[in-house]
Amino acid sequence: MINITLPDGSVRQYPKGTTSLQIAQSISEGLARNVLSAKVNGEVWDATRPINTDATLQLLTWNDAEGKSTMWHSSAHLMAEALEALYPGAKFAIGPPVENGFYYDIDFGDKTFSLDDVEKVEAKMLELARNNSEYIRKDVSKADAVKYFTEKGDPYKLELIEGLQDGQITFYTQGNFTDLCKGPHIPNTGFIKAVKLLNVAGAYWRGDEKNKMLTRVYGITFPKDKELKEYLVLLEEAKKRDHRKLGKELELFTFSEKVGMGLPLWLPKGAALREKLEQFMRKAQTKAGYLPVVTPHIGNKELYVTSGHYEKYGKDSFQPINTPAEGEQFFLKPMNCPHHCEIYKSSPRSYKDLPIRYAEFGTVYRYEQHGELHGLTRVRGFTQDDAHLFCRPDQVKEEFCKVIDLVLYVFNALDFKDYTAQISLRDPENKAKYIGSDENWGLAEKAIIESAAEKGLKTVVELGEAAFYGPKLDFMVKDALGRKWQLGTIQVDYNLPERFQLEYTGSDNQKHRPVMIHRAPFGSLERFIAVLIEHCGGNFPLWLTPDQVAVLPISEKYNDYAQKVLSLLNISDIRGLVDDRNEKIGKKIRDNEMKKIPFMLIVGEKEEAEGKVAVRQHGKGDIGVMAIEEFAKHIEAIIENDFKQKLN
RNA sequence: GCCGAAGUAGCUCAGCUGGUAGAGCAGCUGAUUUGUAAUCAGCUGGUCGGGGGUUCGAGUCCCUUCUUCGGCUCCA
């Protein structure tokens with residue numbers, strides 16, 4: 001007998017070789033019907049795999065992330081089975097579960113596979129699923145594994161097997177499909193009741209662009225048709241929050257082929273929003289001791305040779321601008337730091353001056369690959385809320401922690417709760433990609449890890465994600481469709497001060513090298529606003545929104561009064577517009593409601609006579625009549641309260 | 001840059017197997033002077049992304065190019 005410890009701490013005894021599924025059955029039939037896999041001693045196993053030792057057991061269902069993951073992994077196999085049946089000769093690479101569903105990378109040979117083809121694959125998958133085929137696990141020797149896939153003619157699987165150790169290779173078979181796989185899988189295909197193949201894309205084999213491009217088919221499955229429908233509705237909702245769509249609808253920004261791809265044009269309302277964010281940041285930075293500086297949009301080639309950017313990105317950036325007479329070369333600035341280094345150098349510095357914090361909303365230009373451009377999140381010209389802190393080595397940690405505070409202040413103010421703090425370190429396998437000494441990298445990485453720990457941030461570590469001159473602490477946020485974007489970033493840099501020969505005179509009257517911290521809480525205004533739009537679905541916080549109120553006269557007779565109302569509100573720093581179109585009030589309400597303007601003030605005969613406004617709140621409707629001043633106070637109170645709540 | 005898809009009026013979209021463009025909204029003009037999510041009528045507006053080709057004839061078929069979308073690679 002073996003002892004099985006369940007999550008509630010209870011211990012049950014079963015014969016050796018009992019499966020998780022049988023244990024589930026011994027608890028309840030209903031539970032057994034829903035078990036997808038099980039966590040045995042912390043490892044996710046097939047529910048049908050015999051347990052031979054004492055173990056802790058957690059049964060996994062659709063309600064567990066790992067249960068879903070098992071289901072989706074099995075779904076990838078099912079899709080492969082369907083594809084193999086429909087496209088004989090297709091070769092399979094890898095097919096893992098992902099956050100929302102699964103994919104399989106497939107080599108279709110000469111055939112092209114597009115989204116038009118997915119319907120019949122979905123149908124085939126459902127047909128195969130109804131067979132309730134069991135997923136059967138089998139240990140295979142390396143030689144047998146190689147033999148199987150050699151006969152099948154699948155070079156990708158053979159390459160994968162090469163990297164595996166004999167004795168650790170397993171196959172899974174369901175129906176007519178056998179795959180190299182370590183599992184685990186759901187008991188049988190019958191759990192898969194609803195299938196949707198979402199998109200088809202290219203993906204390089206093993207993620208290397210030198211390799212062949214395979215066809216990646218993304219899909220998702222559900223145990224109930226209803227859940228699929230709900231998911232599709234959710235996707236539709238997310239698409240409505242897409243910043244590219246809302247940016248157009250709310251007249252925030254646009255692009256023009258003539259100006260150039262990836263170069264956003266800010267419309268008045270978008271520019272107003274941007275300006276508010278800039279003001280907010282300027283205020284916060286002034287309080288934190290930053291000094292504003294301004295630098296030009298181009299810089300001499302020598303500047304970037306010194307900084308190392310030329311060597312690293314020279315060929316892959318916008319090509320130089322040549323002067324007509326002197327033959328000098330200038331680059332569009334890809335970063336502000338070299339310019340700021342030169343500002344630091346403009347005057348001798350004493351240890352008493354440090355830290356010096358130079359801040360600039362600096363617009364930079366980077367040549368991004370054509371296929372990578374994406375709305376406002378990936379552009380070729382953007383403005384960073386950049387700053388560079390020059391400090392003594394003993395000040396690094398304190399300054400870094402203060403910057404973390406600032407980033408969190410900004411995120412809180414804008415209700416960005418769902419972020420990941422990512423410590424981006426260099427790839428230890430590929431140090432040639434980076435500049436600077438091991439010693440300096442060590443110091444910088446240590447400073448980041450310690451500061452993040454000191455601030456109690458929950459962090460994930462990503463190797464190979466560092467900047468070429470130093471490690472980073474990045475704040476990652478997801479967009480409406482779940483794509484991750486880097487917003488805020490803080491970087492410790494020992495290298496640029498060396499390259500630029502930055503110095504300060506210490507209390508010992510000797511020259512010392514300062515340490516630089518690069519930081520941008522928003523990251524880029526463009527990307528930040530993109531994510532902000534998607535987070536609030538275009539319903540911006542009252543303090544930020546381009547138009548806070550729309551004054552709607554009942555008829556043209558009250559246009560003058562409406563103007564007067566707006567002027568009075570303007571005095572209290574409330575911004576908005578008068579909708580004096582010759583339309584009925586219902587139409588005006590509808591239109592302004594769709595423009596997501598937070599407050600509508602309806603004014604007619606009664607209001608004019610009493611000097612009041614009838615207030616209608618976006619999404620809520622009529623909230624009553626107020627005096628103009630009362631309404632102004634109401635708005636101010638909301639804004640103040642909002643900040644108080646979020647920033648304590 | 002790579003794989004796949006798409007590009008028709010300012011916006012959202014229709015246009016079957018090739019027969020010389022259509023709707024709603026927006027805009028303009030007029031009527032109406034309106035009380036909480038679309039007042040009515042009329043009008044304007046498109047070298048169907050650009051270029052080339054096949055054809056008597058191309059929005060529709062072919063080639064090429066640009067841009068956009070979904071991914072991959074990259075991302076200071």
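None of the values given here were measured: they were computed from a predicted structure. As a basis for the values below, the full set of heavy atoms in this structure was taken, side chains included, without hydrogen atoms, waters or symmetry mates. In the text below, chain A, chain B and the rest are named by the order of the sequence lines, each starting its count at 1.
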Validation row: A:L273, A:T545 side chains within 4.5 angstrom (heavy atoms): no
Short side-chain N/O contact to B:rU68 OP1/OP2 from A:R244, under 4.0 Å: no
Contact under 4.0 Å: A:R216 side-chain N or O vs B:rG70 OP1/OP2: no
Side chain of A:I602 - closest among B:rU36, B:rG1, B:rA38: B:rU36
Between A:Y313 and A:Y304, ring centroids under 6.0 Å: no
Modelled atom types, side-chain donor and acceptor of A:N336 and A:H388, under 3.5 Å: no
Residue A:K248, side-chain heavy atoms: nucleotide from B:rU36, B:rU12, B:rG1 that is nearest: B:rU12
Distance-minimising heavy-atom pair for A:K333 and A:T295: NZ-OG1, 2.7 Å
Sugar-phosphate, base or nothing in reach of A:Y218, heavy atoms under 4.0 Å: sugar-phosphate
Interatomic distance where CG belongs to A:L552 and C1' belongs to B:rU36 [whole Å]: 9 Å
Distance in angstrom units between A:R378 CZ and B:rG70 P, rounded: 14 Å
A:Y310 six-ring centre to A:K301 NZ/CZ under 6.0 Å and within 45° of normal: yes
5'-most by nearest nucleotide on RNA chain B - A:R616 or A:H374: A:R616
A:K584 side chain near B:rG35 phosphate (N/O to OP1/OP2, under 4.0 Å): no
Sugar-phosphate only, base, or nothing, as touched by A:E583 at under 4.0 Å among non-hydrogen atoms: base
Non-hydrogen atoms of A:G619 and A:E593 that approach each other most closely: N-OE2, 2.7 Å
Nucleotide B:rC75, atom C1' - distance to CZ of A:F318 in whole Å: 14 Å
Identity of whatever pairs with B:rC72 - Watson-Crick or G-U, under 3.5 angstrom: B:rG1
Sugar-phosphate, base or nothing in reach of A:E251, heavy atoms under 4.0 Å: nothing
From B:rC69, B:rU36, B:rU67, nucleotide with atom closest to A:M261 side chain: B:rU67
Side chain of A:K606 (C-beta onward), nearest among B:rU36, B:rG35, B:rC72: B:rG35
Short side-chain donor-acceptor distance under 3.5 Å, A:Y156 and A:D107: yes
Rounded distance in Å - NZ (A:K587) to C1' (B:rG24): 12 Å
Pairwise 5' ranking along RNA chain B for A:K433 and A:G604, keeping only the more 5' one: A:G604
Spacing of A:Q369 atom CD relative to B:rC72 atom C1', expressed in whole Å: 10 Å
For atom CG of A:N430 and atom P of B:rC74, their distance in whole Å: 11 Å
d(CZ, A:R581; C1', B:rG27) in whole Å: 12 Å
N/O-N/O pairs, protein side and nucleotides 2-10 of chain B side, under 3.5 Å:
from  : atom 1 : to     : atom 2 : distance (Å)
B:rC2 : O4'    : A:Y204 : OH     : 3.3
B:rC3 : O2     : A:G202 : N      : 2.9

Donor on one side chain, acceptor on other, A:H309 and A:Y469, under 3.5 Å: no
Separation between the P atoms of B:rG24 and B:rU44, rounded to whole Å: 14 Å
Integer-rounded Å distance: B:rG71 P and A:N211 CG: 22 Å
Candidate nucleotides B:rC75, B:rU36, B:rA37, ranked by approach to the side chain of A:E368 - the nearest: B:rC75
